[in-house]
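Data first, discussion second: the structure below is written as structure tokens.
Naming: A, B, ... by sequence-line order, numbering from 1 per chain.
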2 protein chains.
Amino acid sequence: MMLGHHFKLFSFVFLYSYMAIAIKISLNEGIYLRDPQDSSLGRNIIKHSILLIEDVGFETFNFKKLAQEMNSTEASIYRYFENKHLLLIYLVSWYWEWVSYLIRINTLNIEDPKKKLEIVINSFVSASLDNPSTEFVDESKLHNLIIAEGTKAYHTKEVDDENGKGFFKTYKQLINMVAGVIVEINPTFKYPYALASNLFEMSNNHIYFAKHLPRLTDIQVSENKYSEVEKMLNYFSAKLLGYER
Amino acid sequence: MMLGHHFKLFSFVFLYSYMAIAIKISLNEGIYLRDPQDSSLGRNIIKHSILLIEDVGFETFNFKKLAQEMNSTEASIYRYFENKHLLLIYLVSWYWEWVSYLIRINTLNIEDPKKKLEIVINSFVSASLDNPSTEFVDESKLHNLIIAEGTKAYHTKEVDDENGKGFFKTYKQLINMVAGVIVEINPTFKYPYALASNLFEMSNNHIYFAKHLPRLTDIQVSENKYSEVEKMLNYFSAKLLGYER
DNA sequence: TTTATATGATAGTTTTACTATTATATAAAA
DNA sequence: TTTTATATAATAGTAAAACTATCATATAAA
């Protein structure tokens with residue numbers, strides 16, 4: 001039993017350091033003041049900000065409440081992020097990077113681009129499920145946050161300035177990868193980037209609509225089961241790119 | 001000359017009262033404390049808030065700045081709207097109502113549902129152009145505001161509560177009308193509401209992308225000329241609903 | 001052991017988001 | 001015409017949000 005406990009602890013530590021090396025998410029350094037992945041306080045900021053924003057909404061979320069929630073201080077959080085807007089960009093970027101990673105590993109041995117696009121769509125819709133990236137990021141909660149608040153990261157007056165600094169590069173790379181798959185399926189399709197970004201945005205939008213404004217969509221969701229959204233996006237893609245399913 | 005002046009004034013008054021009767025936009029009364037259409041101060045709030053939000057962005061916009069801009073006081077504005085969030089809902093609702101109105105009058109004598117959908121798409125894309133609704137609402141600026149800030153009206157923690165109060169009814173009615181056209185074109189199409197809302201959101205999104213994050217789209221826009229967006233949306237619709245263009 | 005660095009504790013400033021009060025102008029009712 | 005109701009302006013104030021600054025202490029690196 002003592003040995004068992006010891007082993008468990010060891011495997012946890014191993015798992016953790018493996019994760020940290022293997023898929024440490026690398027994000028634009030301009031987003032943060034100090035890399036939150038490099039300290040337990042930083043990881044706590046990420047962890048609790050996901051929970052708190054999801055709970056109270058981005059508008060009512062602030063660093064004071066976050067500090068209380070994690071038993072730290074406002075000033076300490078300000079040493080990691082200039083303001084809550086940049087923290088949101090960090091979280092959203094994390095999500096984009098995570099979805100990219102999911103798509104990359106799940107399409108590794110896949111040749112058929114139609115099958116690849118199915119995996120892309122499945123990753124958009126259920127990036128929450130399967131393997132978690134790290135113990136401090138709850139992917140399911142993060143996905144919910146993206147669905148409700150994600151577009152606020154780039155719908156601001158600072159978008160051009162921040163885009164110039166490369167803050168949205170991970171999103172553009174993700175869309176670029178998906179557009180590549182679309183072109184593989186149909187090289188004559190005129191709107192690969194628009195379709196790629198639309199599939200991503202539509203996925204989040206219609207999950208949100210199903211939950212809050214159901215008359216704006218046809219699909220239904222129940223308890224984080226998004227199979228109808230997935231079916232719809234696959235249907236749209238097949239129709240637009242001209243293949244049967 | 002005296003007569004001329006008098007006549008001009010008269011025609012202005014006539015025009016104004018005609019407008020007020022003919023297309024006074026009726027919006028859910030819960031959105032405002034006092035109907036801004038009923039006083040010149042109220043109309044000034046609408047007029048200047050559109051200009052100011054478009055100029056500084058919704059996050060940095062506040063009632064103090066708005067009051068300065070229109071030579072009034074913060075307290076006076078608060079008698080019309082509880083807070084800036086409800087003012088945004090008002091402006092967004094106005095836009096939805098205006099687009100609905102445009103679609104209604106422009107499809108009045110049209111029989112062919114495919115032609116109707118083209119008019120719908122044209123209204124989504126260029127609701128800014130053609131006839132203005134009233135002299136105090138700059139439709140072109142309002143459209144820009146919707147493109148940049150529109151979805152913030154319903155991406156909040158209050159969405160369920162406010163939806164219960166009917167604040168988003170005009171949006172749902174608009175989408176319902178468009179879904180009706182879609183069903184006319186193809187009665188077997190499984191996602192009429194999703195396609196309708198997606199056409200609307202996609203229109204705004206890709207205009208925004210073209211302006212600020214061009215690598216997320218394939219289309220280009222120049223100086224409020226959105227013909228490429230229109231072409232794309234028509235292409236998407238035709239493909240999805242299975243007809244030639 | 002020294003020194004650098006991170007965090008906590010505390011306090012403070014400026015701006016935002018309101019609320020309250022009174023005065024005055026204007027419109028409606030008597 | 002006078003009274004009365006209502007709208008707006010002017011002013012002042014409060015509470016919270018969004019930071020910034022300082023110093024003490026704990027911990028890690030040199």
Side-chain angles (χ1 to χ4, degrees), chain A residues 17 20 29 31-49 52-53 55-91 136 149 152-153 156-158 162, chain B residues 13 16-17 20 29 31-49 52-53 55-91 136 149 152-153 156-158 162:
Chain A
S17 58
E29 292 185 10
I31 299 174
Y32 49 79
L33 297 169
R34 185 196 305 287
D35 192 339
Q37 287 176 95
D38 289 348
S39 72
S40 70
L41 177 64
R43 288 186 291 270
N44 255 315
I45 291 172
I46 303 310
K47 178 180 177 174
H48 286 97
S49 63
L52 189 55
I53 294 173
D55 187 28
V56 303
F58 187 66
E59 281 73 29
T60 41
F61 165 86
N62 62 44
F63 283 180
K64 193 174 190 178
K65 288 175 189 165
L66 177 58
Q68 281 163 353
E69 202 76 6
M70 49 190 278
N71 292 313
S72 179
T73 64
E74 228 181 327
S76 298
I77 296 166
Y78 274 106
R79 291 196 192 95
Y80 282 84
F81 293 100
E82 266 181 68
N83 51 54
K84 69 176 185 174
H85 172 238
L86 285 162
L87 171 54
L88 180 64
I89 291 182
Y90 184 91
L91 297 175
F136 65 96
E149 323 280 1
K152 292 173 190 170
T156 69
K157 274 288 159 185
E158 291 76 41
E162 291 173 347
Chain B
V13 169
Y16 169 69
S17 61
E29 292 185 11
I31 298 173
Y32 49 79
L33 297 169
R34 186 194 307 285
D35 191 339
Q37 286 176 94
D38 289 349
S39 72
S40 68
L41 178 64
R43 289 186 291 270
N44 255 314
I45 291 172
I46 303 309
K47 177 180 178 172
H48 285 97
S49 63
L52 189 56
I53 294 173
D55 187 29
V56 303
F58 187 66
E59 282 72 28
T60 40
F61 166 85
N62 63 44
F63 282 0
K64 193 173 189 177
K65 289 175 187 165
L66 178 59
Q68 281 163 356
E69 201 76 6
M70 49 190 279
N71 293 314
S72 180
T73 64
E74 229 180 326
S76 297
I77 295 167
Y78 274 107
R79 290 196 197 93
Y80 283 83
F81 293 100
E82 265 180 70
N83 51 54
K84 70 175 184 174
H85 172 238
L86 284 162
L87 171 55
L88 179 64
I89 292 182
Y90 185 91
L91 296 176
F136 65 96
E149 324 279 1
K152 292 173 190 170
T156 69
K157 275 287 160 186
E158 292 77 41
E162 290 173 348

Return no unless some side-chain N or O of T73(B) is found under 4.0 Å from OP1 or OP2 of dA10(D).
-> no
May I ask you to evaluate whether S76(B) reaches the phosphate of dA7(D), defined as a side-chain N or O under 4.0 Å from OP1 or OP2?
-> no
Assign Y80(A) to base, sugar-phosphate, or nothing according to its heavy-atom contacts below 4.0 angstrom with the strands shown.
-> sugar-phosphate
Considering all heavy atoms, the nearest I31(A)-F81(A) contact | O-CD2, 3.9 Å
Quick one: which protein N/O atoms are closer than 3.5 Å to N/O atoms of nucleotides 14-19 of chain C? Pair and distance per line, please.
{"from": "dC18(C)", "atom 1": "O5'", "to": "Y78(B)", "atom 2": "OH", "distance (Å)": "3.1"}
{"from": "dC18(C)", "atom 1": "N4", "to": "E74(B)", "atom 2": "OE1", "distance (Å)": "3.2"}
{"from": "dC18(C)", "atom 1": "N4", "to": "E74(B)", "atom 2": "OE2", "distance (Å)": "3.4"}

For Q68(B) and dA10(D), what is the distance between atoms CD and P respectively, to the nearest whole Å?
-> 13 Å
Starting at OG of S49(B), measure out to CG of L66(B) and round the result to the nearest 0.5 Å.
-> 6.0 Å
Could you check how far CG of D35(A) sits from C1' of dT5(C), rounded to whole Å?
-> 16 Å
Counting only N and O atoms by type, is there a donor-acceptor contact under 3.5 Å from the side chain of K64(B) to the main-chain atoms of E74(B)?
-> no
Distance col, row Y90(A):OH vs H85(A):NE2, nearest 0.5 angstrom, shows 16.0 Å
Euclidean distance, I45(B) CD1 relative to S39(B) OG, rounded to 0.5 Å = 7.0 Å
Find the distance L41(B):CG to dA27(C):P and express it as a whole number of Å.
-> 14 Å
Greater than 12 external heavy atoms within 6.0 Å of K152(B)'s NZ = yes
For N44(B) and dT8(D), what is the distance between atoms CG and C1' respectively, to the nearest whole Å?
-> 13 Å
Collect all protein-nucleotide pairs involving nucleotides 23-30 of chain D in which both atoms are nitrogen or oxygen and the distance is under 3.5 Å.
none

Counting only side-chain N and O atoms of R34(A), is one of them less than 4.0 Å from OP1 or OP2 of dT5(C)?
-> no
Taking the side chain from K157(A) and the backbone from F58(B), do they hold a donor-acceptor pair closer than 3.5 Å?
-> no
In this structure, CD1 of I77(B) is separated from CZ of F63(B) (nearest 0.5 Å) by 6.5 Å
State the pairing partner of dT22(D); accept Watson-Crick or G-U wobble contacts with both distances under 3.5 Å, and report none otherwise.
-> dA9(C)
S76(B): partners by side-chain contact (heavy atoms from CB on, under 4.5 Å), with sequence neighbours left out = L41(B), S72(B), T73(B), R79(B)
